[in-house]
Amino acid sequence: MVGSTTTLPTRRRNPFRRLTALLRPEVISTAAVLVGLFMLLGVLSPDRFRTSALYADVVPMPARATAEAVVAVSGWILLRLARGLRKRKRAEWRIAVGVCIAVLAADLLRAERRPVEAVVTALLLGALILTRRDYAVPTDPHGRWFPLRCAGQLIVPAVGVTLVLLYLPGHVPSDVGFWARLREAVWSLAGFGGTISVGGDHFADVLHAALLVVGVTSAVLLVTVGVRTREPVAQLHPDDERRLRILLAGHGARDSLGYFALRRDKAVVWSASGKAAISYRVVDGVALASADPLGDPEAWPGAIVAWRDLIEHNGWTPAVMGCSELAATVYRREYGLAAIALGDEAVVETDRFCLSGRAMRGVRQACARVERAGYAIDVRRTGEVDGAELAAARALAELWRVDPVERGFSMALSRIGDPADPRCVLVRAHLDGQLRGLLHFVPWSDHGVSLDLMRRDRTADNGLNELMISTLLQAAPELGIERVSLNFAVFRDALERGERIGAGPVLRLWRRTLVIASRWWQIESLYRFNDKFRPQWQPRYFSYSRARDIPRIALAALEAEAFIVKPRAIKRLAGRGSALNARAAECADSTSYRRGRRGDGGRYRSAFRARHGWRGTT
């Protein structure tokens, strides 16, 4: 109708929108830390803070011990949940709401109330409820009932043993029924025992204390396992591997570490256009990406955006290990990741390498000494090596490994002689017909190789590695190799500048720390070895989101590189055993030679020693 007006429905405005805008997850996380610390301080100094009095009128057994245990658990739970609240995790939000409600309920039931603690807890609860829509990050979907199963494995046996003890003569009157005894056992787990008369004060105190310990331990285990970060099994799908090889064929010359993205225990996230990809693995909630993104640098931002969305959806912590300066710049521009120098990569131009000259005298003398001992060096592509010879090389590489597990993640392929890798280069050293050392290189585009594995018999002559590398560099023109990437030297710049005249006290102290650490890890020795070949040093960087995440990222990186190996019992307790078994099953076809030092692998190695008369040490 002409002249009529249409009234549009007005959108209801949230009266708390300004408040919820201020209550960011970082603010609520900090508040949870403060409340949790206040509870723990109240337990440590009960006369001053009197926090344990919160539960004094609720718990019928000796009030102080039970209240302090409950308060300590509540404070620890809030501290444990703080990081998850910062990452907007739904499970942590639910548990934090439950803890706040439990504390408020206890305060209402007690005779002497503490208004300050109640108000602080109520404010935290209100903030959590107002911002409930912000917490949508899922937890680990692999076995949602696993936390309850872990807690049940402690609670059920404890309740069963308690029932047996309560049925022993002289402890409980015979007219007390089964359900009353069961209620006593269950309530004692939370410190609410005493519903029935238990004969013997000493027996009753010990029984209630033991059940309270079991209950507190079960609660801690339930929260610890229940709020674990989603950690999917990293595996490279065959279609992803095929697409990655296409990217490497077109853009593989940009990064010497690009081929290591083909490890089959890594996952891949693609850009929307499919022209770039990032390989990564999730370790203890840290999404570790290795080296540069693969593909066209112009498409890197799309891959970084997809990786960022995946990280934010799952609440992971981002980190990049060993990327180039260009990649570190793009990560900072697209994701806001800071970068620090991690070390330098040794790259040797084959047309410039020569053993003559004073600078190469040490390498030249070592090679001459080993050659006089009768060693013969063979350099070939793995596609040209017989299958039986490859099997022997794999077995000896496993046998010569000093560590119980295969190390490597960002700069190791961890397989030899796979049919999908015919362009890899194998350098072998024989003495009297027996294999005494080997090097394995992966392709770096069409005209380069990158060192993957360096193993030798522990009884072989010193200088064997120098001879194998020198032979490869001299034979490189026949294989069409123009560049050879050797080992990565961690913190090389600090080691080099720290020994110069005029170095400051901080730099000298940092170098001294690295030298001491070299007693356990090859830091200085690896740098000295690489420097013998007069390489060009190319810097590599470590990118991270926040400085406070660096210790956690460092532990995750050490675990990914197998410098830290968790015991199987801890992995099973954390619910990762099945994931690890699935990952091993997926990679069994290409990494069967990496099986542990037990079972069929151990019998095979023993048979190999007996058949070939090998007498080296592992």
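At most 12 non-hydrogen atoms from other residues, nucleotides or ligands lie less than 6.0 angstrom from CZ of Arg332.
Within the cation-pi definition used here (under 6.0 Å to the ring centroid, within 45° of the axis), Lys266 does not qualify as a partner of Phe260. A cation-pi geometry, defined here as NZ or CZ lying under 6.0 Å from the six-membered ring centre and within 45° of its normal, does not hold between Arg456 and Trp400.
Of the possible polar contacts, one joining the Thr350 side chain to the Ile481 backbone as a donor-acceptor pair under 3.5 Å is found. Remark: the backbone N or O of Ala503 is paired with a side-chain donor or acceptor of Arg508 at under 3.5 angstrom. A distance-only check finds a donor-acceptor pair linking the side chain of Ser271 to the backbone of Ala276 [under 3.5 Å]. Of the possible donor and acceptor atoms, one in the side chain of Glu561 sits under 3.5 Å from a partner among the backbone N and O of Phe409. Of the possible donor and acceptor atoms, none in the side chain of Arg552 sits under 3.5 Å from a partner among the backbone N and O of Thr317. For the pair Asn530 (side chain) and Asn487 (backbone), a donor-acceptor distance under 3.5 Å is present. Within the 3.5 Å criterion, the main-chain N or O of Lys275 finds no donor-acceptor partner in the side chain of Asp296. Of the possible polar contacts, none joining the Tyr541 side chain to the Met321 backbone as a donor-acceptor pair under 3.5 Å is found.
Across Tyr331 and Pro293, no two heavy atoms sit closer than the pair OH-CG, 3.6 Å. The minimum heavy-atom distance between Trp444 and Ala253, with the atom names listed, is NE1-O, 3.3 Å. Contact record, Arg264 with Ala420: NH2-CB, 3.8 Å, taken as the closest heavy-atom pair.
A donor atom on one side chain and an acceptor atom on the other are found under 3.5 Å apart for Asp452 and His440. Inspection of the Ser324 and Gln538 side chains reveals no N or O donor paired with an N or O acceptor under 3.5 Å. Side-chain atoms of Tyr259 and Arg245 form a donor-acceptor pair, as typed in the model, at a separation below 3.5 Å. With hydrogens and angles left out, the side-chain atoms of Thr382 and Arg423 include no donor and acceptor closer than 3.5 Å. For the residue pair Trp270 and Asp240, a side-chain donor N or O sits within less than 3.5 Å of a side-chain acceptor on the partner.
In this structure, the salt bridge (charged side-chain N to carboxylate O under 4.0 Å, His left out) partners of Asp493, at least two apart in sequence or on a different chain, are Arg497. Every residue two or more places apart in sequence or in another chain was checked for a ring-ring contact (aromatic ring centres under 6.0 Å, His included) with Phe353, and none qualifies.
In this structure, Tyr527 has its ring center at least 6.0 angstrom away from the ring center of Phe529. Two rings, from Trp510 and Phe491, have their centers less than 6.0 Å apart.
In summary, Glu398 and Arg455 do not engage in a salt bridge, as defined by a charged side-chain N under 4.0 Å from a carboxylate O.
Aromatic ring pairs are classed by plane angle as parallel below 30°, tilted from 30° to 60° and perpendicular above 60°; the pair Tyr280 and Trp316 is tilted.
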